[in-house]
**Student:** 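Sharing a structure below in structure tokens format, with a few things to ask.
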Amino acid sequence: MRRFFRKRLPAFLLTLVMVMTMVPAVSAKSSADLTYEVDKGDSVSFKEREFRDLYRSEYSGDPSYVVFTDYSDLDDYGYLTAVNYYDKTVSLSESDLRNTWFYYDSRDVPKNMDYALDGLTFEANRRADSGTLRLKFEIYDADGKNYVYGTMDIKVGGGSGSSKGDITYTVKPGEEVTFDDEDFVNAYDNAGGSGTMKYVVFEKPSSDYSNAGTVYSRYGKRNATSFTRSELDDYKFYYGDSDYGDYDLDELSFVADKSFSDSIEITFKAYGGKNNKSSDSVTGTLKITSSKSGSSKGDITYTVKAGEEVTFDDDDFEKIYENSSCTGSFKYVEFSRPDSAFNNAGTLYSRYGKRNETAFTRSSLSSNKFYYGDSDYGDYDLDELSFVADRTFSGSITLNFTVYGGTGTRTNQNVTGTLVITTDKTGSSTAKGDVTYTVKAGDEVAFDEDDFKKVYDSSNCTGSFKYVEFSRPDSAFNNAGTLYSRYGKRNETAFTRSSLSGTTFGYDSYEDADYSLDDLSFVADRTFSGSITLSFTLYGGKNSKCDQSTTGTLVITTGTSAVTSRYVGNIRYNTTPNTALQINANDIARLFRKYTSGGSLQYLTLTSVPATGSLYYNYYNASKYGATRTQLTASMAGSMIFSYSPASASEYDLSELTYIPSGSNYCTALTFTGYSSSGTAVSATILISVTASPVSEVYSVTTKGTSVNFPANSVYSAVASATGFGLSSIQLLELPASTAGVLYVGSYAADTTSAYSYGSDTDSMSQLRFIPNSGFTGSVSIPYVALSSSGTALGAGVVSIGVVDSVKKFTDISTSTWCYKYVTELASANVISGYSNGTFQEKNTITYGAALKLIMLAAGYGEQAPTVKGSPFSGYLAKAKAAGLVSGNPKLNGPITRLQIAQIAAKALKLSTAGLPSKKPFTDTNDVYVQALNAAGIIEGYFSNGTSTYKPNNTLTRGQVSAIVWRMKNSVQ
């Protein structure tokens, strides 16, 4: 009946027929049946079960679909997003909701119309007015006869106003916990503070403080200061600018006494406001808790390989709760905000790689509840969490959590614990082995017990393999298919997620198991695509004892995943035929610092040389270090040590590596391992792209909170212009940082191994879309390799996306202007401005005063009012002198040299001049500030025939300075 109407009747007749044949429902209530709150620019997902519960208030069973009947104000506040038959997220405005149905069971969604109720989300416009959006809807049964009428209110704005400026830190007795000034900024913003937070004042703590520990500024460093109870409330602790206080808020920490075992609370006020007015304040509480508080302490450890995923098991958290002295049932988990090391380790996801995937930042992780079993107790399913490690992840990270429970609906019992995620191979398993089966949608695949035996035999376990236990699968298992014993035979048994775990499956003649392993099979659902993973443990031992075990994973896949590509480029260079490429030692040193959180590169060894072209040492035969001109081969390169800062003429200088191309339109690579003086090692790859002409950067700009589609056509054109060939697909080399946003392909997060085709299929470039995090502004870089139809590289390029508050246009600057990116982003950030006639005049020589202002703003200094009448930059000069950036009396209206720019910029950024390589980068200046700015990647020189010059006395144009200032600003973000 439903499909007949949709195919044969126009919308108004369908509505008339349905109204005439349906049972009247309860009249609308004066207050809404469903209520949601959302901030401008944010989103809120509707809860499927709430529609179900509303339907069940009138009828039994589950509803079939929902229809919205009044949505006339939707476009004023935002739009809806929903998931279609192909699991793709689609945006819906008012006009799209006419005669549109949202199915309670996503399997009922037809191919070419309608959507699933699960995943229905409201996206609030960033500039929407505050207010309440009311939507009216009807919930129907499968026959369209019984229905329930309802209303939904979505409150758009700043929420209920109940947010508190509260912060919680956990510390072990005798140890230190550092304060994060962003926590206080978030508390200020969440509690309704206006403008920018400027400083924090703490109230005098209670007497418990004396026995708990001490707050320090710069603990363990020069000028360390401790604060007694009486002293703590005497000072202002500033955020960002020392003009607003006495001590840097970000240098505070609390050192717990060795006997600290409970918690203390310190009340604070965060002050801020607009235009330097500090009239606004927010009150909050800083709570510092001993990690040994609570009724018990339990740890969970997961092991993951770099670049891979490890799934959480909610039963691990339940065991901690059950092993404590807490009463009642375990209900949900809350994680404390991780420290900054979390950013470089990887990303925590809910439903990774699936519909409604959610990535958590440090801040968002601590603001959600993860429920066990029942969604009434939280925001996300604990059993759908997983951690995806960064490719460079090594060592371990720790997440502190609190497990809550109690009796009935009360959650008055809790226990704390730590979750450690490590790349170490020291877990309880003695070996790791995978079994993979491929099945067509709707078909059956039988398990082979010998596949599991091979995993056991390849481990270090002794004795004979006896049986298998599977861990409880995540919820994706429900939609993938069913695991059976003796499928289609007598005594057939189907296993749910819960019944699968805790059941034993015996190998061969092992009689103590519940079922035979060789009788297992998986029957895929007709809609199954992609893959699912089942974790298992194999048990065995000598005689009848099962004292040996090893773990593994079983992957069941439809074999329809995207084509994969494996190009890697931690550092990337582009050159053209017959143009020598100098490997920049500072690029490698910066990568080493990034991957080691500040470590210093001492030397490296090559682990491979390029397969195409030639790599030389001392190619121009002008270096005083190491040997004369030498072509490096794979057999000899590994035995040579290249120093970042050579101390004697016998050492090889890392800056003397030169690559000579051979041919055109290809990518090649060299790999290396870098070492610090302490032996810390980092292995990485340098990717070199050689194209007939340079591959142009493709740049897009979008406003804050607005998604942007990947510019597929522009990328195709850029590659075709550079190589003369059309690309077939691309492989991404790096994804945007989780702090910036997420790059999606359709409704899934993109990855760096898939080959995204140039076309309109599911895994195509046109399906890529970057969604910036709410509130993020800045520059995002997405490097890629362009692939031919055979999967080989034609060259490499980069897509850059600027996320700005607003796009400020200049009449003489267009998208084709070389400095368009720099000018656009800096203008939005109010760092640069144009002339009164609307032009920017990028070719004009910049004055000393104008350059000084730009450098100081980029380095984080505030606006400076003139100190001399008629001299707009006099305030900046006064501030620069006071800060030690400038000496003497320069002419503000005169030109500024490249040397002066470098000196001011390096001092403003507080770049260290220690630890720089012994070899100077330029032959025409030995200035340490020039060298420091060059090492930071902010300025470059002029390279010709083996000689690099800086030309320190040259002046600069407004466009050239915009590029330098842009790099400065992005280096301090």
Side-chain angles (χ1 to χ4, degrees), residues 221-222 570-571 573 582-605 617-618 620 622-626 641-658 672-682 684 686 855 858-859 883-887 897-943 946-954 963-965 967-968 970-972:
K221 305 171 185 174
R222 189 176 62 182
N570 308 105
I571 297 172
Y573 292 117
Q582 199 77 6
I583 305 299
N584 191 333
N586 285 325
D587 291 339
I588 300 173
R590 286 195 300 275
L591 183 79
F592 191 89
R593 287 196 296 272
K594 175 183 176 182
Y595 287 174
T596 59
S597 299
S600 297
L601 174 69
Q602 185 179 26
Y603 65 91
L604 66 75
T605 58
Y617 179 77
N618 197 6
Y620 298 98
S623 177
K624 68 177 182 179
Y625 296 102
I641 296 177
F642 299 92
S643 296
Y644 178 62
S645 183
S648 68
S650 62
E651 294 185 36
Y652 289 91
D653 181 7
L654 177 56
S655 65
E656 287 294 344
L657 291 176
T658 304
F672 65 87
T673 300
Y675 299 88
S676 69
S677 58
S678 63
T680 301
V682 170
I686 297 175
I855 291 170
L885 309 183
V886 173
S887 60
T897 66
R898 286 170 56 84
L899 175 61
Q900 291 169 325
I901 283 271
Q903 291 172 336
I904 298 170
K907 293 176 183 178
L909 291 176
K910 296 181 174 62
L911 297 181
S912 173
T913 57
L916 297 172
S918 56
K919 181 185 174 183
K920 307 302 180 185
F922 307 114
T923 59
D924 55 352
T925 179
N926 290 329
D927 188 89
V928 291
Y929 296 109
V930 172
Q931 191 175 0
L933 210 62
N934 175 251
I938 295 173
I939 59 168
E940 298 173 347
Y942 303 88
F943 184 81
T947 300
S948 291
T949 56
Y950 180 64
K951 301 182 180 179
N953 296 320
N954 281 16
I964 293 174
V965 170
R967 295 187 196 113
M968 286 180 62
N970 283 276
S971 73
V972 299

**Student:** Can you list the residues that meet the side-chain contact (heavy atoms from CB on, under 4.5 Å) rule with K920, with sequence neighbours excluded?
**Tutor:** N926, Q931
**Student:** Report the distance from atom CG of L911 to atom CG of N934, rounding to the nearest 0.5 Å.
**Tutor:**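 Between atom CG of L911 and atom CG of N934 there are 11.0 Å.
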**Student:** Just wondering, do S918 and S645 contact through their side chains at under 4.5 Å, heavy atoms?
**Tutor:**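 S645 reaches S918 side chain to side chain.
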**Student:** Could you pull out all residues at least two apart from R590 that satisfy salt bridge (charged side-chain N to carboxylate O under 4.0 Å, His left out)?
**Tutor:**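 Partners of R590 under the salt bridge (charged side-chain N to carboxylate O under 4.0 Å, His left out) test: D587.
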**Student:** Side chains of Y644 and L604: closer than 4.5 Å at any heavy-atom pair?
**Tutor:** no
**Student:** Got I588 and I686 here, is their nearest side-chain heavy-atom distance under 4.5 Å?
**Tutor:** yes
**Student:** Write down the atom of T673, the atom of A681, and the distance for their closest heavy-atom approach.
**Tutor:**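 T673 and A681 have their closest heavy atoms at CG2-CB, 4.0 Å.
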**Student:** Just jot down the side-chain contact (heavy atoms from CB on, under 4.5 Å) partners of S623, sequence neighbours excluded, or say none.
**Tutor:** Y617, N618, Y625, E656
**Student:** Do I641 and Y652 have side chains that approach each other closer than 4.5 Å (heavy atoms only, starting at C-beta)?
**Tutor:** no
**Student:** For residues N584 and Y573, report the shortest heavy-atom separation together with the two atoms involved.
**Tutor:** N-OH, 3.1 Å
**Student:** With rounding to the nearest 0.5 angstrom, report the CD1 to CD1 distance, I583 to I571.
**Tutor:**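 Output value for this atom pair is 8.5 Å.
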**Student:** T947: what forms a side-chain contact (heavy atoms from CB on, under 4.5 Å) with it, not counting sequence neighbours?
**Tutor:** T923, T949
**Student:** Below 3.5 Å, can you tabulate the donor-acceptor pairs from side chains in residues 898-906 to any protein atom, sequence neighbours excluded?
**Tutor:**
from : atom 1 : to   : atom 2 : distance (Å)
R898 : NE     : Y950 : O      : 2.7
R898 : NE     : K951 : O      : 3.4
R898 : NH2    : E940 : O      : 3.1
R898 : NH2    : Y950 : O      : 3.1
Q900 : OE1    : T897 : N      : 2.9
Q900 : OE1    : T897 : OG1    : 3.3
Q903 : NE2    : D927 : OD1    : 2.9

**Student:** Mind listing the closest non-hydrogen atom pair of R593 and G599 along with its distance?
**Tutor:**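 Closest approach of R593 to G599, heavy atoms only: CG-O, 2.9 Å.
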**Student:** What verdict does the side chain to side chain donor-acceptor pair (under 3.5 Å) test give for Q582 and T658, after you've listed the backbone C-alpha separation in whole Å, the side-chain angles of each residue and the deciding distance to 0.1 Å?
**Tutor:** CA-CA 5 Å; Q582 199 77 6; T658 304; 2.8 Å; yes
**Student:** Can you tell me how far the CG atom of L601 sits from the OG1 atom of T680, to the nearest 0.5 Å?
**Tutor:** 11.0 Å
**Student:** Could you grab the distance from atom OG of S948 to atom CZ of F922, nearest 0.5 Å is fine?
**Tutor:** 6.5 Å
**Student:** Can you list the steps and then say if L885 with I855 is a side chain to side chain contact (heavy atoms under 4.5 Å, CB included)?
**Tutor:** CA-CA 11 Å; L885 309 183; I855 291 170; over 6 Å; no
**Student:** Please report the shortest heavy-atom distance between S677 and Q602, naming the atom on each side.
**Tutor:**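 Distance-wise, the nearest heavy atoms are CA-OE1, 3.1 Å.
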**Student:** With sequence neighbours left out, write down each residue that passes side-chain contact (heavy atoms from CB on, under 4.5 Å) with S887, or none if nothing qualifies.
**Tutor:**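 Applying side-chain contact (heavy atoms from CB on, under 4.5 Å) to S887 gives none.
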**Student:** With rounding to the nearest 0.5 Å, note down the distance linking CZ in R967 to CD1 in I939.
**Tutor:**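 Here the interatomic distance stands at 9.5 Å.
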**Student:** Which distance, rounded to the nearest 0.5 Å, do you find between the CG of D924 and the OH of Y942?
**Tutor:** 10.0 Å
